[in-house]
2 protein chains.
Amino acid sequence: MRTSLNASDPREDPLRLDRQLCFQFYAASNLIGRLYAPVLARLNLTYPQYLVMLVLWEEDGQSVGAIGKRLHLDTGTLTPLLKRMETLGHLVRQRDREDERRVRVSLTASGKALREEALHVPEIMTRGQDLEELDALRRTLASVVEALKGGKAQA
Amino acid sequence: MRTSLNASDPREDPLRLDRQLCFQFYAASNLIGRLYAPVLARLNLTYPQYLVMLVLWEEDGQSVGAIGKRLHLDTGTLTPLLKRMETLGHLVRQRDREDERRVRVSLTASGKALREEALHVPEIMTRGQDLEELDALRRTLASVVEALKGGKAQA
DNA sequence: GACAATTAAATTGCACGCAATATAAATGCA
DNA sequence: TGCATTTATATTGCGTGCAATTTAATTGTC
(Lines give C-alpha, C1' and ligand atoms only; values in the text may rest on other atoms or scores of the structure.)
Protein backbone atom coordinates (compact mmCIF):
# COMPACT_ATOMS: atom_id res chain seq x y z
CA MET A 1 0.00 0.00 0.00
CA ARG A 2 1.66 3.19 -1.18
CA THR A 3 1.30 6.44 0.68
CA SER A 4 2.62 8.71 -2.05
CA LEU A 5 0.23 10.90 -3.98
CA ASN A 6 -0.49 10.71 -7.68
CA ALA A 7 0.05 13.56 -10.13
CA SER A 8 -3.57 14.73 -10.12
CA ASP A 9 -3.57 15.29 -6.37
CA PRO A 10 -3.68 19.07 -5.87
CA ARG A 11 -1.20 18.70 -3.03
CA GLU A 12 1.36 17.68 -5.62
CA ASP A 13 0.87 20.89 -7.61
CA PRO A 14 4.23 22.73 -7.51
CA LEU A 15 2.43 26.05 -8.04
CA ARG A 16 0.21 25.87 -4.98
CA LEU A 17 0.63 29.09 -2.99
CA ASP A 18 0.95 27.18 0.27
CA ARG A 19 3.92 25.28 -1.08
CA GLN A 20 5.99 28.38 -1.87
CA LEU A 21 8.67 29.11 0.68
CA CYS A 22 9.16 32.49 -0.97
CA PHE A 23 5.59 33.44 -0.11
CA GLN A 24 6.11 32.71 3.58
CA PHE A 25 9.02 35.16 3.58
CA TYR A 26 6.99 37.71 1.65
CA ALA A 27 3.96 37.42 3.92
CA ALA A 28 6.02 37.43 7.12
CA SER A 29 8.03 40.46 6.05
CA ASN A 30 4.89 42.46 5.18
CA LEU A 31 3.09 41.45 8.37
CA ILE A 32 6.13 42.29 10.51
CA GLY A 33 6.38 45.71 8.91
CA ARG A 34 2.75 46.34 9.74
CA LEU A 35 3.28 45.32 13.37
CA TYR A 36 6.32 47.53 13.80
CA ALA A 37 4.70 50.60 12.20
CA PRO A 38 2.61 51.78 15.17
CA VAL A 39 5.45 51.17 17.63
CA LEU A 40 8.02 53.00 15.49
CA ALA A 41 5.59 55.82 14.68
CA ARG A 42 6.07 57.00 18.26
CA LEU A 43 9.77 57.44 17.42
CA ASN A 44 8.89 59.21 14.17
CA LEU A 45 10.44 56.36 12.18
CA THR A 46 9.29 53.97 9.48
CA TYR A 47 10.57 50.41 9.55
CA PRO A 48 13.35 50.90 6.94
CA GLN A 49 14.32 54.12 8.71
CA TYR A 50 14.56 52.17 11.97
CA LEU A 51 16.97 49.77 10.29
CA VAL A 52 19.13 52.71 9.18
CA MET A 53 19.16 53.96 12.76
CA LEU A 54 20.25 50.52 14.02
CA VAL A 55 23.17 50.66 11.57
CA LEU A 56 24.16 54.19 12.61
CA TRP A 57 23.78 53.51 16.33
CA GLU A 58 26.34 50.75 15.86
CA GLU A 59 28.72 53.06 14.03
CA ASP A 60 28.06 56.70 13.31
CA GLY A 61 29.27 58.54 10.22
CA GLN A 62 29.07 55.67 7.76
CA SER A 63 28.84 56.27 4.04
CA VAL A 64 25.66 55.71 2.06
CA GLY A 65 27.28 52.74 0.40
CA ALA A 66 28.30 51.16 3.71
CA ILE A 67 24.75 51.48 5.04
CA GLY A 68 23.38 50.02 1.82
CA LYS A 69 25.73 47.07 1.99
CA ARG A 70 24.58 46.31 5.50
CA LEU A 71 20.87 46.50 4.66
CA HIS A 72 21.09 45.16 1.09
CA LEU A 73 19.65 48.38 -0.29
CA ASP A 74 20.94 50.53 -3.14
CA THR A 75 21.17 54.29 -3.48
CA GLY A 76 17.89 54.42 -5.37
CA THR A 77 16.22 53.47 -2.11
CA LEU A 78 18.62 55.02 0.37
CA THR A 79 19.23 58.50 -1.01
CA PRO A 80 15.60 59.68 -0.80
CA LEU A 81 15.08 57.77 2.46
CA LEU A 82 18.11 59.45 4.06
CA LYS A 83 16.95 62.84 2.78
CA ARG A 84 13.61 62.32 4.51
CA MET A 85 15.41 61.34 7.71
CA GLU A 86 17.56 64.44 7.41
CA THR A 87 14.43 66.60 7.08
CA LEU A 88 13.04 64.89 10.18
CA GLY A 89 16.21 65.87 12.03
CA HIS A 90 17.47 62.38 12.81
CA LEU A 91 20.72 62.76 10.85
CA VAL A 92 22.80 64.91 8.54
CA ARG A 93 24.37 64.05 5.17
CA GLN A 94 27.65 65.62 4.16
CA ARG A 95 30.22 65.04 1.45
CA ASP A 96 33.43 63.45 2.62
CA ARG A 97 36.31 65.93 2.39
CA GLU A 98 38.82 63.13 1.77
CA ASP A 99 36.81 61.61 -1.08
CA GLU A 100 34.22 63.92 -2.54
CA ARG A 101 32.36 61.02 -4.14
CA ARG A 102 31.25 59.81 -0.73
CA VAL A 103 28.50 61.10 1.51
CA ARG A 104 28.87 60.50 5.21
CA VAL A 105 25.72 60.07 7.28
CA SER A 106 25.93 61.28 10.89
CA LEU A 107 23.40 61.21 13.68
CA THR A 108 22.19 64.47 15.17
CA ALA A 109 21.90 64.87 18.92
CA SER A 110 18.23 63.97 18.73
CA GLY A 111 19.07 61.02 16.52
CA LYS A 112 21.48 59.76 19.15
CA ALA A 113 19.00 60.44 21.93
CA LEU A 114 16.35 58.43 20.09
CA ARG A 115 18.32 55.31 20.90
CA GLU A 116 17.05 55.35 24.47
CA GLU A 117 13.43 55.21 23.31
CA ALA A 118 14.29 52.52 20.77
CA LEU A 119 15.72 50.26 23.45
CA HIS A 120 12.16 49.23 24.32
CA VAL A 121 11.26 48.23 20.77
CA PRO A 122 12.82 44.74 20.65
CA GLU A 123 11.29 43.95 24.01
CA ILE A 124 7.85 45.13 22.93
CA MET A 125 7.98 43.17 19.70
CA THR A 126 9.10 39.89 21.26
CA ARG A 127 6.95 40.08 24.37
CA GLY A 128 5.48 36.75 25.35
CA GLN A 129 7.61 34.84 22.86
CA ASP A 130 10.08 32.06 23.50
CA LEU A 131 13.36 33.95 23.07
CA GLU A 132 15.43 30.81 22.61
CA GLU A 133 13.14 29.73 19.81
CA LEU A 134 13.25 33.12 18.11
CA ASP A 135 17.03 33.13 18.31
CA ALA A 136 17.26 29.68 16.76
CA LEU A 137 15.02 30.85 13.93
CA ARG A 138 17.12 33.98 13.52
CA ARG A 139 20.26 31.91 13.11
CA THR A 140 18.55 29.69 10.55
CA LEU A 141 17.34 32.67 8.56
CA ALA A 142 20.73 34.35 8.78
CA SER A 143 22.23 31.41 6.92
CA VAL A 144 19.43 31.54 4.36
CA VAL A 145 20.10 35.24 3.81
CA GLU A 146 23.78 34.49 3.46
CA ALA A 147 23.01 31.96 0.73
CA LEU A 148 20.61 34.35 -0.99
CA LYS A 149 23.32 37.01 -1.06
CA GLY A 150 25.42 34.56 -3.04
CA GLY A 151 22.65 34.38 -5.60
CA LYS A 152 21.43 30.93 -4.61
CA ALA A 153 17.69 30.67 -5.02
CA GLN A 154 16.83 28.81 -1.82
CA ALA A 155 13.10 29.65 -2.05
CA MET B 1 35.10 31.40 35.42
CA ARG B 2 31.88 32.83 34.02
CA THR B 3 31.00 32.56 30.38
CA SER B 4 28.17 35.08 30.37
CA LEU B 5 28.76 38.52 28.96
CA ASN B 6 28.60 41.77 30.81
CA ALA B 7 26.36 44.69 29.90
CA SER B 8 29.01 46.60 28.00
CA ASP B 9 29.65 43.74 25.62
CA PRO B 10 28.31 44.84 22.22
CA ARG B 11 26.94 41.35 21.67
CA GLU B 12 24.50 42.05 24.47
CA ASP B 13 23.14 45.16 22.76
CA PRO B 14 19.46 44.44 22.00
CA LEU B 15 19.57 46.94 19.12
CA ARG B 16 22.31 45.23 17.14
CA LEU B 17 21.12 44.72 13.58
CA ASP B 18 22.36 41.15 13.54
CA ARG B 19 20.20 40.30 16.49
CA GLN B 20 16.93 41.36 14.86
CA LEU B 21 14.86 38.47 13.58
CA CYS B 22 12.68 40.99 11.77
CA PHE B 23 15.65 42.09 9.68
CA GLN B 24 16.36 38.55 8.52
CA PHE B 25 12.80 38.36 7.21
CA TYR B 26 13.11 41.79 5.60
CA ALA B 27 16.44 41.01 3.95
CA ALA B 28 15.37 37.56 2.79
CA SER B 29 12.13 38.85 1.32
CA ASN B 30 13.89 41.62 -0.62
CA LEU B 31 16.64 39.32 -1.86
CA ILE B 32 14.12 36.68 -2.94
CA GLY B 33 12.14 39.26 -4.88
CA ARG B 34 15.31 40.29 -6.66
CA LEU B 35 16.11 36.67 -7.58
CA TYR B 36 12.64 36.00 -8.92
CA ALA B 37 12.46 39.18 -11.01
CA PRO B 38 14.53 38.06 -13.99
CA VAL B 39 12.85 34.64 -14.08
CA LEU B 40 9.34 36.10 -13.88
CA ALA B 41 10.16 38.87 -16.36
CA ARG B 42 10.12 36.21 -19.06
CA LEU B 43 6.46 35.59 -18.13
CA ASN B 44 5.76 39.33 -18.13
CA LEU B 45 5.06 39.20 -14.38
CA THR B 46 6.39 40.94 -11.29
CA TYR B 47 6.70 38.93 -8.09
CA PRO B 48 3.44 40.17 -6.49
CA GLN B 49 1.70 39.60 -9.83
CA TYR B 50 3.05 36.05 -9.85
CA LEU B 51 1.48 35.49 -6.44
CA VAL B 52 -1.87 36.71 -7.77
CA MET B 53 -1.55 34.25 -10.64
CA LEU B 54 -0.83 31.41 -8.20
CA VAL B 55 -4.04 32.29 -6.36
CA LEU B 56 -6.09 32.44 -9.58
CA TRP B 57 -4.59 29.27 -11.02
CA GLU B 58 -5.84 27.52 -7.90
CA GLU B 59 -9.33 28.98 -8.29
CA ASP B 60 -10.37 31.29 -11.09
CA GLY B 61 -12.92 34.09 -10.72
CA GLN B 62 -12.17 35.05 -7.13
CA SER B 63 -13.09 38.45 -5.76
CA VAL B 64 -10.52 41.15 -5.05
CA GLY B 65 -11.16 40.68 -1.35
CA ALA B 66 -10.64 36.91 -1.51
CA ILE B 67 -7.32 37.36 -3.30
CA GLY B 68 -6.29 39.98 -0.76
CA LYS B 69 -7.15 37.71 2.14
CA ARG B 70 -4.99 34.98 0.67
CA LEU B 71 -1.97 37.25 0.08
CA HIS B 72 -2.49 39.57 3.09
CA LEU B 73 -2.83 42.57 0.79
CA ASP B 74 -5.53 45.24 0.80
CA THR B 75 -7.32 46.93 -2.08
CA GLY B 76 -4.93 49.86 -1.98
CA THR B 77 -2.30 47.49 -3.28
CA LEU B 78 -4.44 45.10 -5.29
CA THR B 79 -6.70 47.39 -7.30
CA PRO B 80 -3.91 49.14 -9.23
CA LEU B 81 -1.92 45.91 -9.45
CA LEU B 82 -4.89 44.05 -10.96
CA LYS B 83 -5.53 46.90 -13.36
CA ARG B 84 -1.96 46.62 -14.61
CA MET B 85 -2.40 42.87 -15.02
CA GLU B 86 -5.61 43.48 -16.94
CA THR B 87 -3.78 45.87 -19.26
CA LEU B 88 -1.14 43.20 -19.78
CA GLY B 89 -3.87 40.78 -20.81
CA HIS B 90 -3.40 38.25 -18.02
CA LEU B 91 -6.92 38.70 -16.55
CA VAL B 92 -10.18 40.62 -16.64
CA ARG B 93 -12.00 42.42 -13.81
CA GLN B 94 -15.80 42.54 -13.81
CA ARG B 95 -18.46 43.50 -11.31
CA ASP B 96 -20.36 40.59 -9.84
CA ARG B 97 -23.98 40.59 -11.07
CA GLU B 98 -25.18 38.96 -7.85
CA ASP B 99 -23.47 41.52 -5.61
CA GLU B 100 -22.50 44.71 -7.37
CA ARG B 101 -20.05 45.63 -4.62
CA ARG B 102 -17.74 42.81 -5.63
CA VAL B 103 -15.32 42.60 -8.52
CA ARG B 104 -14.53 39.16 -9.85
CA VAL B 105 -11.10 38.56 -11.31
CA SER B 106 -10.93 35.99 -14.11
CA LEU B 107 -8.00 34.66 -16.10
CA THR B 108 -7.89 35.24 -19.84
CA ALA B 109 -6.91 32.42 -22.18
CA SER B 110 -3.34 33.69 -22.19
CA GLY B 111 -3.40 34.00 -18.41
CA LYS B 112 -4.42 30.35 -18.16
CA ALA B 113 -1.83 29.35 -20.74
CA LEU B 114 0.88 31.12 -18.78
CA ARG B 115 0.58 28.42 -16.13
CA GLU B 116 2.54 26.01 -18.31
CA GLU B 117 5.51 28.37 -18.45
CA ALA B 118 5.24 29.04 -14.73
CA LEU B 119 5.53 25.34 -13.92
CA HIS B 120 9.29 25.65 -14.35
CA VAL B 121 9.64 28.54 -11.91
CA PRO B 122 9.62 26.62 -8.60
CA GLU B 123 12.10 24.15 -10.04
CA ILE B 124 14.41 26.89 -11.29
CA MET B 125 14.31 28.71 -7.96
CA THR B 126 15.00 25.66 -5.79
CA ARG B 127 17.57 24.03 -8.07
CA GLY B 128 20.44 22.50 -6.16
CA GLN B 129 18.75 22.93 -2.80
CA ASP B 130 17.82 20.29 -0.24
CA LEU B 131 14.05 20.09 -0.82
CA GLU B 132 13.37 18.37 2.49
CA GLU B 133 15.16 21.16 4.29
CA LEU B 134 13.32 23.89 2.38
CA ASP B 135 10.01 22.21 3.18
CA ALA B 136 10.82 22.01 6.86
CA LEU B 137 11.66 25.72 6.84
CA ARG B 138 8.46 26.47 4.94
CA ARG B 139 6.40 24.71 7.61
CA THR B 140 8.19 26.61 10.37
CA LEU B 141 7.61 29.92 8.65
CA ALA B 142 3.97 29.05 7.94
CA SER B 143 3.38 28.80 11.68
CA VAL B 144 5.21 32.10 12.23
CA VAL B 145 3.01 33.76 9.62
CA GLU B 146 -0.04 32.27 11.29
CA ALA B 147 1.01 33.81 14.60
CA LEU B 148 1.78 37.14 12.95
CA LYS B 149 -1.71 37.19 11.44
CA GLY B 150 -3.06 36.99 14.95
CA GLY B 151 -1.13 40.14 15.77
CA LYS B 152 1.58 38.45 17.80
CA ALA B 153 4.88 40.17 17.36
CA GLN B 154 7.17 37.15 17.02
CA ALA B 155 10.04 39.14 15.56
C1' DG C 1 -40.29 50.24 3.47
C1' DA C 2 -37.00 53.56 5.69
C1' DC C 3 -32.61 54.02 7.23
C1' DA C 4 -28.56 53.16 9.97
C1' DA C 5 -24.86 49.93 9.97
C1' DT C 6 -21.97 47.01 7.45
C1' DT C 7 -19.35 45.42 3.56
C1' DA C 8 -16.51 45.65 -0.94
C1' DA C 9 -13.70 48.33 -3.90
C1' DA C 10 -11.65 52.39 -5.37
C1' DT C 11 -9.04 56.45 -4.47
C1' DT C 12 -5.51 59.40 -2.32
C1' DG C 13 -1.19 60.30 -0.47
C1' DC C 14 3.10 58.86 1.01
C1' DA C 15 7.20 55.80 1.54
C1' DC C 16 9.67 52.39 -0.06
C1' DG C 17 12.53 48.97 -3.55
C1' DC C 18 14.95 48.53 -7.59
C1' DA C 19 16.68 48.61 -12.52
C1' DA C 20 18.66 51.74 -15.51
C1' DT C 21 20.86 55.85 -16.35
C1' DA C 22 23.42 60.06 -15.27
C1' DT C 23 26.94 62.70 -12.93
C1' DA C 24 31.08 63.57 -10.84
C1' DA C 25 35.27 62.31 -8.39
C1' DA C 26 39.19 59.21 -7.91
C1' DT C 27 42.24 55.80 -9.86
C1' DG C 28 45.14 53.45 -13.13
C1' DC C 29 48.09 53.29 -16.73
C1' DA C 30 50.35 54.41 -21.11
C1' DT D 1 50.33 64.49 -17.91
C1' DG D 2 46.27 62.65 -20.51
C1' DC D 3 42.57 59.90 -20.65
C1' DA D 4 39.93 55.65 -20.11
C1' DT D 5 38.20 53.02 -16.27
C1' DT D 6 36.30 52.53 -11.98
C1' DT D 7 33.81 54.00 -7.94
C1' DA D 8 30.14 56.57 -5.15
C1' DT D 9 26.08 58.78 -5.18
C1' DA D 10 22.02 60.88 -7.36
C1' DT D 11 18.15 60.75 -10.50
C1' DT D 12 14.32 58.76 -13.17
C1' DG D 13 10.59 55.84 -13.80
C1' DC D 14 7.75 52.27 -12.41
C1' DG D 15 5.53 48.97 -9.31
C1' DT D 16 4.34 47.94 -5.05
C1' DG D 17 2.47 48.33 0.28
C1' DC D 18 -0.49 50.50 3.34
C1' DA D 19 -3.28 53.88 6.21
C1' DA D 20 -7.08 56.75 5.65
C1' DT D 21 -10.89 58.25 3.19
C1' DT D 22 -14.57 57.87 -0.20
C1' DT D 23 -18.21 55.71 -2.87
C1' DA D 24 -21.60 52.50 -3.64
C1' DA D 25 -24.21 48.28 -2.70
C1' DT D 26 -26.21 45.17 0.71
C1' DT D 27 -27.87 43.84 5.16
C1' DG D 28 -30.11 44.36 9.52
C1' DT D 29 -33.65 46.42 12.31
C1' DC D 30 -37.67 48.53 13.46
Side-chain angles (χ1 to χ4, degrees), chain A residues 23 25-41 44-53 62-88 90 93-105 148, chain B residues 23 25-41 44-53 62-88 90 93-105 148:
Chain A
F23 174 60
F25 276 107
Y26 172 86
S29 182
N30 287 348
L31 290 167
I32 288 168
R34 240 173 285 172
L35 286 175
Y36 270 81
V39 176
L40 295 176
N44 216 356
L45 291 172
T46 64
Y47 181 70
Q49 289 171 5
Y50 170 66
L51 294 180
V52 168
M53 294 303 279
Q62 296 189 62
S63 68
V64 174
I67 296 170
K69 204 163 193 174
R70 204 75 198 289
L71 301 178
H72 313 304
L73 295 173
D74 68 4
T75 63
T77 299
L78 280 177
T79 298
L81 187 154
L82 292 170
K83 282 184 177 175
R84 282 186 291 270
M85 293 180 77
E86 186 170 35
T87 301
L88 290 168
H90 297 310
R93 298 155 58 250
Q94 45 202 147
R95 286 280 163 188
D96 188 329
R97 287 296 167 86
E98 305 290 311
D99 184 341
E100 290 278 351
R101 291 172 304 179
R102 294 194 203 199
V103 168
R104 296 216 163 272
V105 181
L148 288 166
Chain B
F23 174 61
F25 275 107
Y26 172 87
S29 183
N30 287 349
L31 290 167
I32 289 168
R34 239 172 286 170
L35 286 176
Y36 270 80
V39 177
L40 294 176
N44 215 354
L45 291 172
T46 65
Y47 181 71
Q49 290 171 3
Y50 170 66
L51 294 180
V52 168
M53 293 304 277
Q62 294 188 63
S63 69
V64 173
I67 296 169
K69 203 162 195 174
R70 204 73 198 289
L71 301 178
H72 312 304
L73 295 173
D74 69 3
T75 62
T77 300
L78 280 177
T79 297
L81 187 155
L82 292 170
K83 282 182 177 175
R84 283 187 288 271
M85 294 179 77
E86 185 170 36
T87 301
L88 290 168
H90 296 311
R93 298 153 60 249
Q94 45 203 147
R95 287 280 163 187
D96 187 329
R97 287 298 167 85
E98 305 290 311
D99 184 340
E100 290 280 349
R101 291 172 304 181
R102 293 194 207 200
V103 167
R104 296 215 164 274
V105 182
L148 288 166

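No hydrogens, no waters, no symmetry mates; every other heavy atom, side chains included, goes into these values. Chain identifiers are assigned alphabetically (A, B, ...) following the order of the sequence lines, protein sequences preceding nucleic acid strands; residue numbering begins at 1 within each chain.
Taking atom CG of B:Asp96 as the reference point, atom P of C:dT7 lies 17 Å away to the nearest angstrom. As rounded to whole Å, 13 Å separates atom C1' of C:dA15 from atom CG of A:Leu45. Rounding to whole angstrom units, CZ of residue A:Arg97 and P of C:dA25 are separated by 14 Å. Rounded to whole Å, the distance from CG on A:Leu71 to P on C:dC18 is 11 Å. Atom CZ of B:Phe23 is separated from atom P of C:dC16 by 15 Å (rounded to the nearest Å). Residue B:Ile67 contributes atom CD1, which lies 11 Å from atom P of C:dA10 at whole-angstrom precision. Atom CG in A:Leu35 sits roughly 17 Å away from atom P in D:dG17 (whole-Å rounding). Straight-line distance from the CD atom of A:Glu100 to the P atom of C:dT23: 19 Å, rounded to whole Å.
Remark: B:Arg104 engages B:Asp96 in a salt bridge (charged side-chain N to carboxylate O under 4.0 Å, His left out) (not counting sequence neighbours). Listed by chain and residue number, B:Asp99 satisfy the salt bridge (charged side-chain N to carboxylate O under 4.0 Å, His left out) test with B:Arg101 (two or more places apart in sequence, or in another chain). Listed by chain and residue number, A:Gln62, A:Ser63 satisfy the side-chain contact (heavy atoms from CB on, under 4.5 Å) test with A:Ala66 (two or more places apart in sequence, or in another chain). A search for side-chain contact (heavy atoms from CB on, under 4.5 Å) contacts involving B:Arg95 returns B:Glu100, B:Val103, not counting sequence neighbours.
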Side-chain donor-acceptor contacts of residues 73-84 of chain B below 3.5 Å, not counting sequence neighbours, with atom names and distances?
unit_1	atom_1	unit_2	atom_2	d
B:Asp74	OD1	B:Gly76	N	3.1
B:Asp74	OD1	B:Thr77	N	3.2
B:Thr79	OG1	B:Thr75	O	3.2

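Set against D:dA19, D:dT26, C:dC18, the side chain of A:Asp74 has C:dC18 as its closest nucleotide. Closest to the A:Arg34 side chain, of the nucleotides D:dA19, D:dG17, C:dA25, is D:dA19.
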| Sugar-phosphate or base contact per nucleotide [nucleotides 7-16 of chain D; S, B, -; heavy atom under 4.0 Å] | BSBBB---SB

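Taking the side chain as every heavy atom from C-beta outward, A:Asn44 and A:His90 approach each other to under 4.5 Å.
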